[in-house]
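Take a look at the structure set out below.
Whatever order the structure lists ligands and atoms in, that order sets their numbers, starting from 1.
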Amino acid sequence: MQADPAVATAARPVTSRRNCTSWDVEAILGLYELPFADLLYRAQQVHRQHFDANTIQLSTLLSIKTGGCPEDCAYCPQSARYETGVEAEKLLPMDEVLEAARAAKANGATRFCMGAAWRSPKPHQVDAVAGMVQAVKAMGLETCVTLGMLRDGQAEQLREAGLDYYNHNLDTSPEFYGQIITTRTYQDRLDTLNRVRDAGIKVCCGGIVGLGESRRERAGLIAQLANLDPYPESVPINNLVRVEGTPLAVNEAVDPFEFVRTIAVARITMPQAMVRLSAGREQMDDALQALCFMAGANSMFYGDRLLTTENPQAEADRQLLRRLGMRADTGAH
Ligand code: SAM
Ligand code: DTB
Ligand code: SF4
């Protein structure tokens with residue numbers, strides 16, 4: 001068989017280790033630099049080896065504790081340091097959470113993700129969220145929470161409540177990170193991810209494109225994610241939502257093809273992960289979203305809101321999938 005030139009010219013991973021392959025930043029940059037069509041072809045080959053390329057998993061988000069966050073993440077409308085119009089609220093009561101979860105399930109979501117604007121949850125807050133996890137799980141939904149940094153024993157407590165996934169993003173490369181967040185370190189994030197992994201919870205970890213990072217720094221993020229051992233089961237790739245009042249509101253939008261490339265590179269380096277086309281879809285047209293699916297995205301946030309910003313209407317998403325001959329994962333496997 002003749003060598004595929006796209007494959008031949010792309011740098012290859014360098015070493016092997018437990019269950020996964022180690023990627024260096026140069027190898028990942030090599031993928032980014034492929035001609036667009038060659039990169040997508042390669043991503044599709046990997047995608048189709050592991051997944052039905054026409055099925056999309058749907059996750060619905062709910063902000064269970066909004067705003068007033070002490071952290072300084074420069075992209076985030078929920079940081080108390082920026083005037084974004086997002087008011088600090090208390091933890092939602094259980095009945096409101098369950099109502100939203102019921103609606104998500106009725107709409108066709110298979111995973112319900114609850115987000116809290118905390119630096120790190122206090123013990124009583126973990127108790128309350130554990131109760132929510134248990135009740136949402138009992139409705140037949142997969143559960144995911146994102147609560148900030150976890151301390152000893154908290155991941156285990158959530159696992160016992162039935163938590164399937166914990167979302168904690170690395171956001172960007174270690175080199176660029178300090179320009180975006182100063183109130184917690186990259187190592188703090190890795191420590192939380194280790195606690196989640198050790199507790200037997202599946203890891204949902206990704207990042208954001210459009211923070212002002214270079215392509216090398218984007219590759220640096222993907223290298224960090226792909227080299228987690230094992231790599232995350234779920235990899236959200238967010239396109240920065242530029243919210244007025246945040247320091248990054250003035251950023252230039254990233255070239256849409258660069259965003260698609262990032263999805264493709266995530267797919268190739270993390271072949272069996274669910275790669276989620278995450279924040280930023282409201283600012284994308286249908287053709288761009290279709291390209292993201294062709295690049296190997298097989299999950300998205302579904303429902304009219306993300307945490308504090310808009311997401312496409314659920315009906316528009318159902319129509320988009322229909323027009324593309326794609327279907328939502330029903331979770332029945
Ligand atoms: N406070 C917790 C934390 O930071 O881990 C959980 C919630 S936080 C809002 C979850 C993730 O949302 C962040 O790590 C970031 O990747 C993403 N995010 C926040 N604001 C965003 C924005 N404006 N555009 C894109 N993604 C954003
Ligand atoms: C993730 O990677 N993206 C989601 C989820 N994990 C928690 C959050 C996106 C937030 C976008 C801005 C907002 O709506 O506040
Ligand atoms: Fe707080 Fe999370 Fe927003 Fe950072 S991303 S300001 S930790 S809610």
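Residues H47 and A53 come closest through the heavy atom pair CE1-CA, 4.1 Å. C292 and L277 make their closest contact through CB-CD2, 3.8 Å (heavy atoms, listed as atom of the first residue, atom of the second, distance). For the residue pair A226 and W23, the shortest heavy atom distance occurs at CB-CD1, 3.9 Å. Closest heavy-atom contact between N169 and G207: CG-N, 4.4 Å.
Here R242 does not pair with E282 in a salt bridge; the nearest charged N to carboxylate O distance is not below 4.0 Å. Under the 4.0 Å criterion applied to side-chain N and carboxylate O atoms, R261 and D255 are not assigned as salt-bridge partners. At a threshold of 4.0 Å, the pair E71-R184 counts as salt-bridged, since one of the basic side-chain nitrogens sits closer than that to a carboxylate oxygen. A salt bridge links R102 with E99; the closest basic N to acidic carboxylate O contact falls under 4.0 Å. With respect to the salt-bridge test (charged N to carboxylate O, under 4.0 angstrom), the residues E26 and R216 qualify. Salt bridge status for E142 with R111: present, with a side-chain N to carboxylate O gap under 4.0 Å. A salt bridge is absent between D229 and R197; no separation between the charged side-chain nitrogens and carboxylate oxygens falls under 4.0 Å.
Among all non-hydrogen protein atoms, the one lying nearest atom 11 (C) of ligand 1 is N169 ND2, 3.8 Å. From the protein, the heavy atom lying nearest to atom 14 (O) of ligand 1 is D171 OD1, 3.3 Å. Nearest protein heavy-atom contact of atom 6 (C) of ligand 1 is T146 OG1, 3.1 Å. Counting only heavy atoms of the protein, atom 27 (C) of ligand 1 lies nearest to I208 CD1, 3.8 Å.
The shortest distance between side-chain heavy atoms of L320 and Q289 falls below 4.5 Å. A heavy-atom distance below 4.5 Å is not found between the side chains of L91 and Q125. Using a 4.5 Å heavy-atom cutoff, the side chains of I222 and L31 are not in contact.
No side-chain donor from either of R276 and N298 sits under 3.5 Å from a side-chain acceptor of the other. Between the side chains of E244 and T84, no donor-acceptor pair of N or O atoms lies under 3.5 Å.
Neither the backbone nor the side chain of S278 comes within contact range of ligand 1; no heavy atom lies under 4.0 Å. Contacts between N238 and ligand 1 below 4.0 angstrom, taking non-hydrogen atoms only, involve the side chain exclusively. Residue-level proximity to ligand 1 for H168 is carried by the side chain, the only part with a heavy atom below 4.0 angstrom.
Taking distance alone, with nitrogen or oxygen atoms compared against 3.5 Å, L240 stays at or beyond that limit from ligand 1. Between N167 and ligand 1, a contact under 3.5 Å exists for no N or O pair. Below 3.5 Å of separation, one finds an N or O of Y75 facing an N or O of ligand 1. For ligand 1, the polar-atom distance check against V241 finds a nitrogen or oxygen pair separated by under 3.5 Å.
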Q. So L321 and R327, side chain to side chain contact (heavy atoms under 4.5 Å, CB included) or not? Walk me through it.
A. CA-CA 6 Å; L321 294 184; R327 58 194 160 268; over 6 Å; no

Q: Might you work through the side-chain hydrogen bond (donor to acceptor under 3.5 Å, both in side chains) test for Y32 and T262, ending with a clear yes or no?
A: CA-CA 7 Å; Y32 265 101; T262 304; 2.8 Å; yes

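Under a hydrophobic clustering in which Ile, Leu, Val, Met, Phe, Trp and Tyr are joined whenever their side-chain heavy atoms come within less than 4.5 Å, directly or via other members, L147 and F301 fall into different clusters. Note: the hydrophobic cluster containing L92 also contains L158 (ILVMFWY, side chain heavy atoms under 4.5 Å, direct or indirect links).
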Identify all N/O pairs between ligand 2 and the protein with a separation under 3.5 Å and present them as a table of atom names and distances.
| unit_1 | atom_1 | unit_2 | atom_2 | d |
| --- | --- | --- | --- | --- |
| ligand 2 | 2 (O) | N169 | ND2 | 2.8 |
| ligand 2 | 2 (O) | N238 | ND2 | 2.8 |
| ligand 2 | 3 (N) | N238 | OD1 | 3.0 |
| ligand 2 | 6 (N) | N167 | OD1 | 3.3 |
| ligand 2 | 14 (O) | L307 | N | 3.0 |
| ligand 2 | 14 (O) | T308 | N | 2.8 |
| ligand 2 | 14 (O) | T309 | N | 2.9 |
| ligand 2 | 14 (O) | T309 | OG1 | 2.8 |
| ligand 2 | 15 (O) | T308 | N | 3.1 |
| ligand 2 | 15 (O) | T308 | OG1 | 2.6 |

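Comparing R184, M114, E71 by heavy-atom distance to atom 3 (C) of ligand 1, the nearest is R184.
Within a 4.0 Å radius of atom 1 (N) of ligand 1, the protein contributes one or more non-hydrogen atoms. By the definition of a contact as any protein heavy atom under 4.0 Å away, atom 24 (N) of ligand 1 is in contact. Of the protein's heavy atoms, none falls inside 4.0 Å of atom 2 (Fe) of ligand 3.
Proximity of G115 to ligand 1 is not established, as no heavy-atom distance is less than 4.0 Å. For the pair C73 and ligand 1, no heavy-atom separation below 4.0 Å is found.
Atom 3 (Fe) of ligand 3 has C76 SG as its protein N, O or S neighbours under 2.8 Å.
Numbered from 1 in the order shown, with element, the atoms of ligand 3 that lie under 4.0 Å from a heavy atom of R184 read 7 (S). Interface atoms of ligand 1 facing G148, defined by a heavy-atom separation under 4.0 Å, are 2 (C), 5 (O). When each atom of ligand 1 is checked for a heavy atom of A116 under 4.0 Å away, the hits are 1 (N), 2 (C), 6 (C), 7 (C). Within the listing of ligand 1, atoms 9 (C) sit less than 4.0 angstrom from a heavy atom of L307. Annotation for ligand 1: atoms under 4.0 Å from non-hydrogen atoms of W118 are 1 (N), 2 (C).
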